[in-house]
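For reference, the structure is listed below as C-alpha coordinates.
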Amino acid sequence: MRKIIAALVTAIGCFSAEAIAQTPPTCSSLPNPLYLQIGDTQENLIKALGQKLVHSANYSMNLVYVTSGSCTNVDAIVHGTKITSNMLYVPTSTSWTTAMPSAACTVDANGVLPDIANSNIFIDPCPTNNLGTSLSQFFGAIQPYVFIVPTGSSQTAITAEEAYFVFGFPNGGGVTPWIDDMFKFIRPPDKSTLISLAANINVPVSKWKGVPKDKSKDVLNAVAQSTAAEKTIGILGAEVYDANRMMVKSLAFRAYGQSYAYFPDSTSSATDKQNTRDGHYTAWSPTVYITASSGGVPTSTRAQYLIDLIQGKKRDASFDPLKIIVSKGLVPDCAMQVKRTREGGDLELYSPTEPCTCFYESQVGTAPASCMACVDDTTCGGGKCRHGFCEAR
Amino acid sequence: MCALFLAATLAACGSSSSSNDAGAHDASATTDGGVDCTTKYNGGGTNCAMNPMTHLEIINACTTAQKIEKHPVLPMLNADCSLPPIQ
(Lines give C-alpha, C1' and ligand atoms only; values in the text may rest on other atoms or scores of the structure.)
Protein backbone atom coordinates (compact mmCIF):
# COMPACT_ATOMS: atom_id res chain seq x y z
CA MET A 1 0.00 0.00 0.00
CA ARG A 2 2.82 2.38 0.93
CA LYS A 3 4.46 1.74 -2.43
CA ILE A 4 1.21 2.50 -4.24
CA ILE A 5 0.71 5.72 -2.30
CA ALA A 6 4.32 6.72 -2.92
CA ALA A 7 3.89 6.05 -6.63
CA LEU A 8 0.70 8.10 -6.72
CA VAL A 9 2.36 10.99 -4.87
CA THR A 10 5.29 10.86 -7.29
CA ALA A 11 2.97 10.77 -10.28
CA ILE A 12 0.93 13.71 -9.00
CA GLY A 13 4.13 15.62 -8.30
CA CYS A 14 5.39 15.02 -11.81
CA PHE A 15 2.06 16.02 -13.29
CA SER A 16 2.01 19.21 -11.25
CA ALA A 17 5.54 20.11 -12.25
CA GLU A 18 4.68 19.62 -15.90
CA ALA A 19 1.55 21.69 -15.50
CA ILE A 20 3.54 24.46 -13.90
CA ALA A 21 6.13 24.30 -16.68
CA GLN A 22 3.39 24.74 -19.28
CA THR A 23 1.70 27.63 -17.50
CA PRO A 24 2.86 30.91 -19.03
CA PRO A 25 4.45 33.30 -16.58
CA THR A 26 2.96 36.70 -16.01
CA CYS A 27 4.64 39.24 -18.25
CA SER A 28 5.26 41.54 -15.30
CA SER A 29 7.27 38.81 -13.58
CA LEU A 30 9.86 38.83 -16.37
CA PRO A 31 12.98 40.82 -15.40
CA ASN A 32 13.07 44.35 -16.83
CA PRO A 33 10.17 44.07 -19.25
CA LEU A 34 9.74 46.54 -22.10
CA TYR A 35 6.26 46.32 -23.58
CA LEU A 36 6.01 46.69 -27.34
CA GLN A 37 3.04 46.80 -29.70
CA ILE A 38 4.54 46.18 -33.13
CA GLY A 39 3.63 45.47 -36.72
CA ASP A 40 4.13 41.82 -37.55
CA THR A 41 6.70 42.62 -40.24
CA GLN A 42 9.02 43.69 -37.42
CA GLU A 43 8.62 40.53 -35.37
CA ASN A 44 11.77 38.93 -36.78
CA LEU A 45 13.79 41.99 -35.81
CA ILE A 46 12.32 42.21 -32.31
CA LYS A 47 12.88 38.51 -31.71
CA ALA A 48 16.52 38.82 -32.74
CA LEU A 49 17.13 41.95 -30.68
CA GLY A 50 15.20 40.43 -27.78
CA GLN A 51 17.42 37.38 -27.79
CA LYS A 52 20.52 39.56 -27.58
CA LEU A 53 19.09 41.87 -24.94
CA VAL A 54 17.84 39.17 -22.61
CA HIS A 55 21.41 37.92 -22.39
CA SER A 56 23.07 41.33 -22.47
CA ALA A 57 25.54 41.92 -19.69
CA ASN A 58 25.39 45.60 -20.51
CA TYR A 59 21.67 46.30 -20.34
CA SER A 60 19.54 43.23 -19.86
CA MET A 61 15.83 43.52 -20.58
CA ASN A 62 12.93 41.42 -21.81
CA LEU A 63 11.23 42.59 -24.99
CA VAL A 64 7.59 41.66 -24.39
CA TYR A 65 5.53 42.21 -27.49
CA VAL A 66 2.24 41.80 -29.25
CA THR A 67 1.62 42.30 -32.97
CA SER A 68 -1.08 44.38 -34.59
CA GLY A 69 -1.58 46.78 -37.48
CA SER A 70 0.57 49.91 -37.67
CA CYS A 71 -2.32 52.34 -37.39
CA THR A 72 -3.88 50.31 -34.58
CA ASN A 73 -0.58 50.52 -32.73
CA VAL A 74 -0.38 54.28 -33.17
CA ASP A 75 -3.95 54.68 -31.98
CA ALA A 76 -3.26 52.51 -28.93
CA ILE A 77 -0.35 54.55 -27.63
CA VAL A 78 -2.05 57.86 -28.39
CA HIS A 79 -5.25 56.89 -26.59
CA GLY A 80 -3.63 54.82 -23.86
CA THR A 81 -5.35 51.60 -24.87
CA LYS A 82 -4.08 48.81 -22.68
CA ILE A 83 -2.98 45.44 -23.97
CA THR A 84 -5.11 42.74 -22.38
CA SER A 85 -4.28 39.70 -24.49
CA ASN A 86 -1.37 37.36 -23.89
CA MET A 87 1.94 38.74 -25.04
CA LEU A 88 5.11 37.14 -26.36
CA TYR A 89 8.72 37.22 -25.20
CA VAL A 90 12.04 35.62 -26.03
CA PRO A 91 12.88 32.69 -23.75
CA THR A 92 16.22 32.79 -21.97
CA SER A 93 17.04 29.22 -23.00
CA THR A 94 20.30 29.18 -24.96
CA SER A 95 18.84 26.49 -27.21
CA TRP A 96 16.12 28.86 -28.42
CA THR A 97 16.65 30.34 -31.89
CA THR A 98 14.83 33.14 -33.65
CA ALA A 99 13.37 30.59 -36.05
CA MET A 100 11.35 29.21 -33.14
CA PRO A 101 8.12 30.72 -31.85
CA SER A 102 8.39 33.16 -28.99
CA ALA A 103 7.01 32.14 -25.59
CA ALA A 104 3.71 33.45 -24.24
CA CYS A 105 3.18 35.36 -21.03
CA THR A 106 -0.04 36.49 -19.43
CA VAL A 107 -0.96 40.09 -18.87
CA ASP A 108 -2.25 41.26 -15.51
CA ALA A 109 -6.01 41.64 -15.25
CA ASN A 110 -5.83 45.42 -15.58
CA GLY A 111 -3.86 45.17 -18.80
CA VAL A 112 -0.61 46.94 -19.63
CA LEU A 113 0.19 50.06 -21.63
CA PRO A 114 2.68 49.67 -24.44
CA ASP A 115 5.99 51.43 -23.76
CA ILE A 116 6.62 51.60 -27.49
CA ALA A 117 4.23 51.47 -30.43
CA ASN A 118 5.65 50.64 -33.83
CA SER A 119 4.34 51.82 -37.19
CA ASN A 120 5.98 50.66 -40.39
CA ILE A 121 4.79 53.61 -42.41
CA PHE A 122 4.79 57.35 -41.87
CA ILE A 123 1.97 57.84 -39.38
CA ASP A 124 0.28 60.58 -41.42
CA PRO A 125 -2.08 58.23 -43.31
CA CYS A 126 -3.34 56.72 -40.03
CA PRO A 127 -6.71 57.97 -38.71
CA THR A 128 -5.00 58.81 -35.43
CA ASN A 129 -1.79 60.67 -36.17
CA ASN A 130 -1.55 63.52 -33.68
CA LEU A 131 1.00 62.51 -31.07
CA GLY A 132 0.42 65.54 -28.89
CA THR A 133 3.20 66.81 -26.68
CA SER A 134 3.87 63.76 -24.55
CA LEU A 135 4.77 61.33 -27.32
CA SER A 136 7.58 61.42 -29.87
CA GLN A 137 8.31 59.37 -32.96
CA PHE A 138 11.74 58.03 -33.80
CA PHE A 139 12.59 56.75 -37.27
CA GLY A 140 14.19 53.34 -37.55
CA ALA A 141 15.29 51.35 -40.57
CA ILE A 142 13.69 51.42 -44.01
CA GLN A 143 11.45 48.54 -45.02
CA PRO A 144 10.60 47.75 -48.65
CA TYR A 145 7.27 46.16 -49.48
CA VAL A 146 6.78 43.67 -52.29
CA PHE A 147 4.18 42.11 -54.51
CA ILE A 148 4.56 38.34 -54.36
CA VAL A 149 3.44 35.45 -56.55
CA PRO A 150 3.74 31.68 -56.20
CA THR A 151 7.00 30.13 -57.33
CA GLY A 152 4.99 28.43 -60.08
CA SER A 153 3.88 31.74 -61.59
CA SER A 154 5.57 32.93 -64.79
CA GLN A 155 5.13 36.60 -63.84
CA THR A 156 8.25 38.63 -63.08
CA ALA A 157 7.07 42.24 -62.83
CA ILE A 158 4.11 44.50 -62.21
CA THR A 159 3.75 48.14 -63.20
CA ALA A 160 2.06 50.76 -61.05
CA GLU A 161 -0.64 51.10 -63.68
CA GLU A 162 -1.30 47.36 -63.63
CA ALA A 163 -1.42 47.32 -59.84
CA TYR A 164 -3.83 50.28 -59.96
CA PHE A 165 -6.31 48.14 -61.88
CA VAL A 166 -5.51 44.80 -60.23
CA PHE A 167 -6.13 46.07 -56.70
CA GLY A 168 -8.46 48.98 -57.38
CA PHE A 169 -11.06 47.40 -59.64
CA PRO A 170 -13.21 44.27 -59.52
CA ASN A 171 -11.71 41.40 -61.47
CA GLY A 172 -8.44 43.25 -61.69
CA GLY A 173 -9.81 45.62 -64.29
CA GLY A 174 -9.15 42.89 -66.82
CA VAL A 175 -5.39 43.02 -66.30
CA THR A 176 -4.24 39.47 -66.89
CA PRO A 177 -3.40 37.20 -65.23
CA TRP A 178 -4.62 38.80 -61.99
CA ILE A 179 -8.33 38.92 -62.80
CA ASP A 180 -9.75 36.76 -60.00
CA ASP A 181 -10.37 38.71 -56.78
CA MET A 182 -10.38 35.48 -54.77
CA PHE A 183 -6.71 34.96 -55.61
CA LYS A 184 -5.53 38.41 -54.58
CA PHE A 185 -4.32 38.17 -50.98
CA ILE A 186 -4.06 41.53 -49.28
CA ARG A 187 -3.98 42.97 -45.75
CA PRO A 188 -6.59 44.93 -43.78
CA PRO A 189 -6.51 48.71 -44.26
CA ASP A 190 -4.73 49.43 -40.95
CA LYS A 191 -1.66 47.40 -41.92
CA SER A 192 1.52 49.04 -43.13
CA THR A 193 1.98 46.62 -46.00
CA LEU A 194 -1.24 47.69 -47.66
CA ILE A 195 -0.94 51.38 -46.74
CA SER A 196 2.59 51.65 -48.11
CA LEU A 197 1.82 49.92 -51.40
CA ALA A 198 -1.48 51.81 -51.69
CA ALA A 199 0.42 55.09 -51.58
CA ASN A 200 2.73 53.88 -54.33
CA ILE A 201 -0.04 52.86 -56.73
CA ASN A 202 -2.59 55.53 -55.81
CA VAL A 203 -5.32 53.12 -54.73
CA PRO A 204 -7.06 54.30 -51.52
CA VAL A 205 -6.68 51.77 -48.70
CA SER A 206 -10.45 51.34 -48.37
CA LYS A 207 -10.85 50.49 -52.05
CA TRP A 208 -8.53 47.52 -52.33
CA LYS A 209 -10.01 44.41 -53.91
CA GLY A 210 -8.92 41.00 -52.68
CA VAL A 211 -9.01 38.65 -49.72
CA PRO A 212 -7.67 40.39 -46.60
CA LYS A 213 -5.49 38.35 -44.29
CA ASP A 214 -4.77 39.49 -40.77
CA LYS A 215 -1.21 38.27 -40.56
CA SER A 216 1.67 38.44 -43.01
CA LYS A 217 2.24 34.71 -42.62
CA ASP A 218 -1.37 34.12 -43.70
CA VAL A 219 -0.74 35.98 -46.95
CA LEU A 220 2.52 34.09 -47.37
CA ASN A 221 0.83 30.72 -46.92
CA ALA A 222 -2.17 31.61 -49.09
CA VAL A 223 0.06 32.62 -51.98
CA ALA A 224 2.50 29.76 -51.54
CA GLN A 225 -0.26 27.16 -51.37
CA SER A 226 -2.49 28.60 -54.08
CA THR A 227 -4.05 26.10 -56.44
CA ALA A 228 -3.92 28.62 -59.29
CA ALA A 229 -0.37 29.95 -59.40
CA GLU A 230 -0.64 32.17 -62.45
CA LYS A 231 -3.54 34.29 -61.27
CA THR A 232 -2.39 34.52 -57.65
CA ILE A 233 -0.77 37.62 -56.19
CA GLY A 234 -0.18 38.94 -52.68
CA ILE A 235 1.64 41.62 -50.72
CA LEU A 236 4.31 41.35 -48.03
CA GLY A 237 6.90 43.33 -46.14
CA ALA A 238 10.35 42.54 -47.51
CA GLU A 239 11.49 41.42 -44.08
CA VAL A 240 8.92 38.64 -44.18
CA TYR A 241 9.61 37.86 -47.83
CA ASP A 242 13.37 37.67 -47.29
CA ALA A 243 12.89 35.10 -44.56
CA ASN A 244 10.71 32.96 -46.83
CA ARG A 245 12.15 33.28 -50.32
CA MET A 246 11.87 29.56 -50.95
CA MET A 247 8.09 29.73 -50.62
CA VAL A 248 7.18 32.57 -53.01
CA LYS A 249 8.87 35.02 -55.35
CA SER A 250 8.66 38.79 -55.47
CA LEU A 251 7.79 40.83 -58.52
CA ALA A 252 9.88 43.68 -59.84
CA PHE A 253 7.90 46.92 -59.57
CA ARG A 254 7.78 49.78 -62.06
CA ALA A 255 6.65 53.03 -60.46
CA TYR A 256 4.65 55.74 -62.20
CA GLY A 257 7.00 57.57 -64.54
CA GLN A 258 9.63 54.83 -64.45
CA SER A 259 11.00 53.15 -67.56
CA TYR A 260 11.74 49.72 -66.13
CA ALA A 261 10.66 47.52 -63.26
CA TYR A 262 13.15 46.78 -60.49
CA PHE A 263 13.42 44.48 -57.49
CA PRO A 264 14.21 45.89 -54.03
CA ASP A 265 17.63 44.31 -54.52
CA SER A 266 19.99 44.61 -57.47
CA THR A 267 18.71 41.29 -58.85
CA SER A 268 15.86 38.94 -58.01
CA SER A 269 18.23 36.73 -56.00
CA ALA A 270 20.39 39.39 -54.32
CA THR A 271 19.81 40.67 -50.79
CA ASP A 272 21.66 43.98 -51.09
CA LYS A 273 18.61 46.31 -51.26
CA GLN A 274 20.61 48.30 -53.79
CA ASN A 275 17.54 49.52 -55.65
CA THR A 276 15.84 50.51 -52.42
CA ARG A 277 18.87 52.45 -51.28
CA ASP A 278 19.44 54.31 -54.56
CA GLY A 279 15.80 54.97 -55.47
CA HIS A 280 15.14 52.52 -58.30
CA TYR A 281 12.68 50.64 -56.08
CA THR A 282 10.13 53.05 -54.68
CA ALA A 283 7.82 50.85 -52.60
CA TRP A 284 9.28 51.41 -49.16
CA SER A 285 8.47 53.15 -45.91
CA PRO A 286 10.29 54.02 -42.74
CA THR A 287 9.80 52.05 -39.55
CA VAL A 288 8.64 54.35 -36.78
CA TYR A 289 8.86 53.88 -33.02
CA ILE A 290 6.60 55.99 -30.80
CA THR A 291 7.12 56.37 -27.08
CA ALA A 292 6.39 58.74 -24.22
CA SER A 293 8.91 61.55 -24.18
CA SER A 294 9.93 64.76 -22.54
CA GLY A 295 11.70 67.33 -24.65
CA GLY A 296 11.96 64.80 -27.44
CA VAL A 297 13.80 62.31 -25.23
CA PRO A 298 12.13 59.00 -24.27
CA THR A 299 11.10 59.02 -20.63
CA SER A 300 11.65 55.27 -20.27
CA THR A 301 15.35 54.44 -20.15
CA ARG A 302 14.64 50.97 -21.51
CA ALA A 303 12.69 52.43 -24.40
CA GLN A 304 15.47 54.88 -25.10
CA TYR A 305 18.06 52.10 -25.05
CA LEU A 306 16.13 50.00 -27.55
CA ILE A 307 15.41 52.96 -29.82
CA ASP A 308 19.06 53.99 -29.76
CA LEU A 309 20.02 50.47 -30.81
CA ILE A 310 17.46 50.44 -33.62
CA GLN A 311 18.62 53.83 -34.83
CA GLY A 312 22.23 52.68 -34.74
CA LYS A 313 23.15 55.39 -32.25
CA LYS A 314 24.34 52.91 -29.69
CA ARG A 315 26.08 49.55 -29.71
CA ASP A 316 25.54 47.07 -26.94
CA ALA A 317 28.86 45.76 -25.62
CA SER A 318 27.93 42.26 -26.78
CA PHE A 319 26.45 42.93 -30.24
CA ASP A 320 26.13 45.44 -33.05
CA PRO A 321 22.41 46.06 -33.63
CA LEU A 322 23.00 47.23 -37.20
CA LYS A 323 24.18 43.73 -38.10
CA ILE A 324 20.87 42.35 -36.88
CA ILE A 325 18.85 45.03 -38.68
CA VAL A 326 20.64 44.34 -41.96
CA SER A 327 20.31 40.58 -41.56
CA LYS A 328 16.53 40.96 -41.34
CA GLY A 329 16.20 42.63 -44.75
CA LEU A 330 15.91 46.15 -43.40
CA VAL A 331 18.01 49.10 -44.52
CA PRO A 332 19.42 51.36 -41.81
CA ASP A 333 19.00 55.04 -42.54
CA CYS A 334 22.77 55.43 -42.63
CA ALA A 335 22.93 53.25 -45.77
CA MET A 336 20.24 55.14 -47.70
CA GLN A 337 21.03 57.42 -50.64
CA VAL A 338 17.46 58.70 -51.07
CA LYS A 339 14.72 59.81 -48.73
CA ARG A 340 11.08 60.83 -48.77
CA THR A 341 9.00 62.82 -46.31
CA ARG A 342 5.57 61.31 -46.77
CA GLU A 343 4.04 57.97 -47.65
CA GLY A 344 4.61 57.27 -51.34
CA GLY A 345 6.08 60.75 -51.80
CA ASP A 346 8.70 61.80 -54.30
CA LEU A 347 12.27 60.71 -53.65
CA GLU A 348 15.10 63.13 -52.96
CA LEU A 349 18.82 62.56 -52.86
CA TYR A 350 20.05 61.95 -49.33
CA SER A 351 23.41 61.97 -47.60
CA PRO A 352 23.21 60.57 -44.06
CA THR A 353 25.11 62.56 -41.47
CA GLU A 354 26.80 59.37 -40.27
CA PRO A 355 26.98 57.10 -43.32
CA CYS A 356 27.51 53.34 -43.02
CA THR A 357 27.49 52.30 -46.66
CA CYS A 358 30.71 50.28 -46.52
CA PHE A 359 29.57 48.42 -43.42
CA TYR A 360 26.16 47.76 -44.99
CA GLU A 361 27.65 46.40 -48.19
CA SER A 362 30.04 44.21 -46.23
CA GLN A 363 27.04 42.67 -44.49
CA VAL A 364 25.03 41.91 -47.64
CA GLY A 365 27.95 40.79 -49.77
CA THR A 366 31.46 42.09 -50.16
CA ALA A 367 32.41 45.66 -49.43
CA PRO A 368 33.66 47.45 -52.56
CA ALA A 369 37.41 47.75 -53.01
CA SER A 370 37.11 51.47 -52.25
CA CYS A 371 36.00 50.62 -48.69
CA MET A 372 38.81 50.40 -46.18
CA ALA A 373 38.60 48.42 -42.96
CA CYS A 374 39.55 50.29 -39.79
CA VAL A 375 39.62 50.07 -36.03
CA ASP A 376 39.61 53.81 -35.36
CA ASP A 377 39.61 57.16 -37.15
CA THR A 378 43.39 57.41 -37.44
CA THR A 379 43.56 55.35 -40.61
CA CYS A 380 40.61 57.02 -42.28
CA GLY A 381 42.37 60.10 -43.68
CA GLY A 382 40.05 62.62 -42.11
CA GLY A 383 37.00 60.39 -42.39
CA LYS A 384 35.32 58.41 -39.65
CA CYS A 385 35.66 54.78 -38.71
CA ARG A 386 32.13 53.45 -38.43
CA HIS A 387 31.28 49.82 -37.76
CA GLY A 388 34.73 48.73 -38.89
CA PHE A 389 34.98 50.72 -42.14
CA CYS A 390 36.21 54.18 -43.05
CA GLU A 391 33.34 56.43 -44.10
CA ALA A 392 33.54 59.94 -45.52
CA ARG A 393 31.90 61.50 -42.46
CA MET B 1 -2.25 62.92 -59.62
CA CYS B 2 0.92 64.78 -60.51
CA ALA B 3 2.78 61.49 -60.63
CA LEU B 4 0.18 60.05 -62.95
CA PHE B 5 0.50 62.99 -65.31
CA LEU B 6 4.27 62.77 -65.30
CA ALA B 7 4.06 59.05 -65.82
CA ALA B 8 1.85 59.45 -68.83
CA THR B 9 4.05 62.16 -70.26
CA LEU B 10 7.28 60.24 -69.82
CA ALA B 11 5.87 56.95 -70.94
CA ALA B 12 4.51 58.51 -74.10
CA CYS B 13 8.07 59.45 -75.04
CA GLY B 14 9.41 55.96 -74.44
CA SER B 15 9.88 53.22 -76.94
CA SER B 16 10.58 49.57 -76.66
CA SER B 17 11.77 46.82 -78.87
CA SER B 18 10.77 43.78 -76.91
CA SER B 19 8.13 42.60 -74.54
CA ASN B 20 7.81 39.99 -71.85
CA ASP B 21 4.05 40.23 -72.02
CA ALA B 22 2.55 38.21 -74.84
CA GLY B 23 -0.54 40.37 -74.99
CA ALA B 24 1.23 43.70 -75.09
CA HIS B 25 -0.14 44.72 -78.46
CA ASP B 26 -3.66 43.47 -78.00
CA ALA B 27 -6.19 45.57 -79.88
CA SER B 28 -8.10 46.10 -76.65
CA ALA B 29 -5.55 48.74 -75.76
CA THR B 30 -7.00 50.97 -78.45
CA THR B 31 -10.01 52.83 -77.15
CA ASP B 32 -13.20 53.77 -78.98
CA GLY B 33 -11.93 57.29 -79.37
CA GLY B 34 -9.41 56.07 -81.89
CA VAL B 35 -6.46 57.00 -79.74
CA ASP B 36 -3.83 54.29 -79.66
CA CYS B 37 -2.97 53.64 -76.04
CA THR B 38 -0.86 50.61 -76.85
CA THR B 39 2.51 52.14 -76.14
CA LYS B 40 1.60 54.81 -73.64
CA TYR B 41 2.40 52.69 -70.60
CA ASN B 42 5.11 50.56 -72.17
CA GLY B 43 8.08 52.14 -70.49
CA GLY B 44 11.46 50.96 -71.73
CA GLY B 45 13.76 53.15 -73.80
CA THR B 46 17.48 53.68 -73.66
CA ASN B 47 17.74 56.99 -71.86
CA CYS B 48 18.83 57.06 -68.24
CA ALA B 49 19.90 59.89 -65.97
CA MET B 50 23.66 60.10 -65.38
CA ASN B 51 23.45 62.67 -62.60
CA PRO B 52 19.99 62.32 -61.11
CA MET B 53 18.57 65.20 -59.12
CA THR B 54 14.77 65.06 -59.38
CA HIS B 55 12.42 62.23 -58.45
CA LEU B 56 11.93 61.17 -62.05
CA GLU B 57 15.67 61.27 -62.69
CA ILE B 58 16.38 59.26 -59.53
CA ILE B 59 13.99 56.45 -60.42
CA ASN B 60 15.33 56.42 -63.99
CA ALA B 61 19.01 56.81 -63.13
CA CYS B 62 21.56 54.72 -64.97
CA THR B 63 22.22 51.47 -63.14
CA THR B 64 23.76 48.06 -63.56
CA ALA B 65 20.90 46.48 -61.65
CA GLN B 66 18.62 43.91 -63.25
CA LYS B 67 15.76 45.69 -64.98
CA ILE B 68 12.61 44.31 -66.50
CA GLU B 69 10.77 45.85 -69.41
CA LYS B 70 7.05 45.34 -69.41
CA HIS B 71 4.31 46.25 -71.87
CA PRO B 72 1.11 46.04 -69.84
CA VAL B 73 -2.30 45.58 -71.38
CA LEU B 74 -4.77 47.86 -69.62
CA PRO B 75 -8.26 47.23 -71.04
CA MET B 76 -10.08 49.79 -68.89
CA LEU B 77 -8.12 52.91 -69.80
CA ASN B 78 -10.14 56.03 -70.51
CA ALA B 79 -10.59 57.17 -74.09
CA ASP B 80 -7.73 59.62 -73.64
CA CYS B 81 -5.58 56.79 -72.27
CA SER B 82 -5.67 58.14 -68.72
CA LEU B 83 -6.43 55.93 -65.75
CA PRO B 84 -10.11 55.94 -64.76
CA PRO B 85 -10.95 57.00 -61.20
CA ILE B 86 -11.46 54.26 -58.65
CA GLN B 87 -15.08 53.97 -57.58
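Residue numbers start from 1 in every chain, and the chains themselves are labelled A, B, ... in the order their sequence lines are given, proteins ahead of strands.
- Here Phe169(A) is the residue among Tyr281(A), Phe169(A), Phe263(A) with the most heavy-atom pairs under 4.5 Å with chain B.
- For the pair His55(B) (side chain) and Glu348(A) (backbone), a donor-acceptor distance under 3.5 Å is absent.
- Remark: Lys67(B) qualifies as a cation-pi partner of Tyr260(A) under the 6.0 Å distance and 45° angle criteria applied to the six-membered ring.
- A distance-only check finds a donor-acceptor pair linking the side chain of Tyr164(A) to the backbone of Pro84(B) [under 3.5 Å].
- The aromatic ring centres of Tyr262(A) and Phe253(A) sit 6.0 Å or more apart.
- Listed options Gly174(A), Ala270(A), Gly172(A), Gly173(A) were ranked by heavy-atom pairs under 4.5 angstrom with chain B; first place goes to Gly173(A).
- Contacts of Ser154(A) with chain B are absent, with no heavy-atom separation under 4.5 Å from either backbone or side chain.
- For a residue to count as touching a neighbouring chain, one of its non-hydrogen atoms must lie under 4.5 Å from one of that chain's; by this rule Thr267(A) touches chain B with backbone and side chain alike.
- Residue with the most contacts toward chain B among Ala160(A), Pro170(A), Ala252(A), Ser268(A): Ser268(A) (heavy-atom pairs, distance under 4.5 Å).
- If you measure heavy-atom distances from Glu57(B) to chain A, you find no contacts under 4.5 Å at all.
- Of the possible donor and acceptor atoms, none in the side chain of Arg277(A) sits under 3.5 Å from a partner among the backbone N and O of Asp265(A).
- The backbone N or O of Lys207(A) sits less than 3.5 Å from a side-chain atom of Lys209(A), completing a donor-acceptor pair.
- Both the backbone and the side chain of Val175(A) come within contact range of chain B, with heavy atoms under 4.5 Å apart.
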